[in-house]
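Note sheet for the following structure.
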2 protein chains.
Amino acid sequence: MTTRVAVSAEPRARARRRASRGTAPASRSTGDDQETRSRLLKVSERLFADRGFKDVTVREICRAARANVAAINYHFGDKLGLYREVLQTATDAMRATNDAARRAGQGQPPEEKLRRYVLIFLQGLLASNYETLHRLIHREMNDPTPVLDAFVEQSVRPRVEYLAGIVAELIGGKPTDQRVLRCVASVHSQSITYLPNPIAARLGFHFKPTPSQIEEAARHIAGFSLAGIRAVGRKKSEV
Amino acid sequence: MTTRVAVSAEPRARARRRASRGTAPASRSTGDDQETRSRLLKVSERLFADRGFKDVTVREICRAARANVAAINYHFGDKLGLYREVLQTATDAMRATNDAARRAGQGQPPEEKLRRYVLIFLQGLLASNYETLHRLIHREMNDPTPVLDAFVEQSVRPRVEYLAGIVAELIGGKPTDQRVLRCVASVHSQSITYLPNPIAARLGFHFKPTPSQIEEAARHIAGFSLAGIRAVGRKKSEV
DNA sequence: ATTTGTATAAAACATCTGTTTGACTCGTGT
DNA sequence: ACACGAGTCAAACAGATGTTTTATACAAAT
């Protein structure tokens with residue numbers, strides 16, 4: 001009895017109306033008129049990030065978005081449809097971070113590529129506008145919903161392959177070398193550790209994601225990792 | 001509407017009977033008689049680790065343990081009471097790992113202390129009998145239940161402080177130095193990355209937790225980290 | 001033999017869950 | 001003027017959920 005799969009994307013009768021988007025929705029008379037649909041997206045992003053897909057109720061989302069209970073089913077087919085759309089924006093944001101890191105590293109020596117990658121990744125991870133999206137993704141890691149597969153292919157794999165390329169360049173091995181993969185895991189894991197989490201908070205790790213603190217952390221990770229990678233490179237290659 | 005707090009440990013009428021434990025429960029007549037209580041503990045440990053506190057239903061647990069729906073409330077007061085007890089065994093296991101790591105490092109130079117710590121931690125993390133317990137804990141990191149505080153104090157803090165001591169010895173700083181704390185985070189994050197997770201699985205990271213693979217991974221983490229720590233130690237100390 | 005305490009079981013309870021329904025309000029196109 | 005579709009709403013639905021109740025079986029103590 002896991003996360004309740006709805007195989008077909010748009011399940012029921014209605015909710016296909018929104019096929020006709022872009023025909024100037026214009027404003028309607030009802031008071032505020034802030035496009036209920038986008039309010040639902042915005043509100044649910046935060047709620048899903050805070051507590052996960054299953055632990056957030058549609059009633060809660062709708063209350064927070066000042067919308068009717070039926071709004072989610074009307075606009076997104078069902079709860080999973082809404083979640084899918086929220087996670088798609090997360091995927092896009094992550095891909096944008098990937099591309100930015102790639103661009104920043106172009107023409108640079110591998111050491112500098114790694115430094116810039118870590119910094120940009122960390123900025124993307126902790127920048128206030130993206131932080132909820134990344135927490136969302138972190139949730140998928142522990143409680144995969146049917147959306148995870150698409151996300152891994154579109155976001156994680158390109159990122160890991162890029163990192164593997166850098167590391168391979170640094171230690172002079174194939175990107176599929178076990179040593180390379182372990183180094184990639186080491187770099188990546190250090191980065192995501194800086195996502196806010198309740199245990200760190202209880203330990204008194206008061207890491208404030210200000211630009212300068214983020215740079216500091218990025219410098220640490222890059223320096224730590226470059227030394228680590230070089231050390232690994234000095235050892236004999238394995239199968 | 002989070003995980004449903006039950007402030008008092010043993011909430012209702014019954015379930016305090018088990019105060020009188022140890023008076024030889026003996027066996028009763030009903031067929032198998034395998035101590036329903038311990039069956040519930042065993043079964044729910046796996047279920048909670050797989051899907052988290054909230055996503056597992058008491059009916060499911062009871063079905064898997066071949067017990068009545070009321071069994072949980074009878075033996076543990078309520079669902080959270082069962083969870084609390086399961087997590088207590090996890091805490092104990094983790095503390096045992098801590099102690100083992102400490103003993104193994106006694107009288108060793110700090111480099112060797114770190115190597116042994118990482119190995120023992122990883123063994124504890126991935127040994128088949130403890131693996132579910134650690135996944136359980138990993139869940140608390142993302143979705144804290146009321147049980148988290150006790151766990152952090154009893155397990156995580158001693159461990160982090162021990163690691164901080166080693167690192168401080170290596171780079172010659174105070175255990176509260178920012179550089180030290182960042183190194184601790186680096187070491188710890190690399191270790192927990194080796195817990196099985198769906199994203200790694202989808203990426204084709206087929207890490208089998210055999211003893212030799214675990215040793216391999218521990219060697220990597222220790223070597224990588226020692227080089228990293230030394231590099232950090234070469235830099236000027238910060239506030 | 002009776003009482004007492006422990007353990008189990010089936011059924012019921014109250015609440016919460018995602019979803020659906022049917023009515024109603026508008027603007028727009030004819 | 002009219003029909004139509006888009007969007008919203010209150011109410012209801014069916015199923016799941018944690019918990020409680022009531023009844024019963026049994027062993028040990030009295």
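Here is the naming used below: chain letters follow the sequence lines, and residue numbers restart at 1 for every chain.
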Just how far, in rounded Å, is P of dT20(C) from CG of Asp78(A)? 8 Å

Kindly say if His75(A) contacts the phosphate of dT8(D), meaning a side-chain N or O under 4.0 Å from OP1 or OP2. yes

Specify the separation, in whole Å, of atom NZ of Lys79(B) and atom C1' of dC16(C). 13 Å

Is a side-chain donor-acceptor pair under 3.5 Å present for Arg135(A) with Thr132(A)? no

Rounded interatomic separation in angstrom, taking CD from Glu60(A) and C1' from dT17(C): 12 Å

Should the pair Tyr117(A) and Tyr162(A) be assigned to parallel (<30°), tilted (30 to 60°) or perpendicular (>60°) ring geometry? tilted

Measure from CG on Asn73(B) to C1' on dT17(D) and round the result to the nearest Å. 12 Å

Per atom distances to the Ala70(B) side chain, the nearest of dG7(D), dT20(D), dG18(C) is dT20(D)

Winner on side-chain proximity to Tyr74(B), out of dG18(D), dT20(C), dT8(C), is dT8(C)

Distance, rounded to the nearest Å, where Leu80(A) contributes CG and dT19(C) contributes P: 9 Å

Gap between atoms CD1 and C1', on Ile72(B) and dT19(D) respectively (whole Å): 11 Å

Which is true for Ala71(A) with a 4.0 Å heavy-atom rule: it touches a base, it touches only sugar-phosphate, or it touches nothing? nothing

Determine whether Leu126(B) and Leu122(B) make a side-chain contact, defined as any pair of heavy atoms from C-beta on separated by less than 4.5 Å. yes

Consider only side-chain N and O atoms of His220(A) and Ser186(B), and report whether a donor and an acceptor are under 3.5 Å apart. yes

dT8(C) P sits how many Å from Arg39(B) CZ, rounded? 7 Å

Below 3.5 Å, does any donor atom in the side chain of Asn68(B) face an acceptor in the base of dA7(C), or the other way round? no

What is the distance from CG of Leu47(B) to P of dG18(D), rounded to the nearest Å? 12 Å

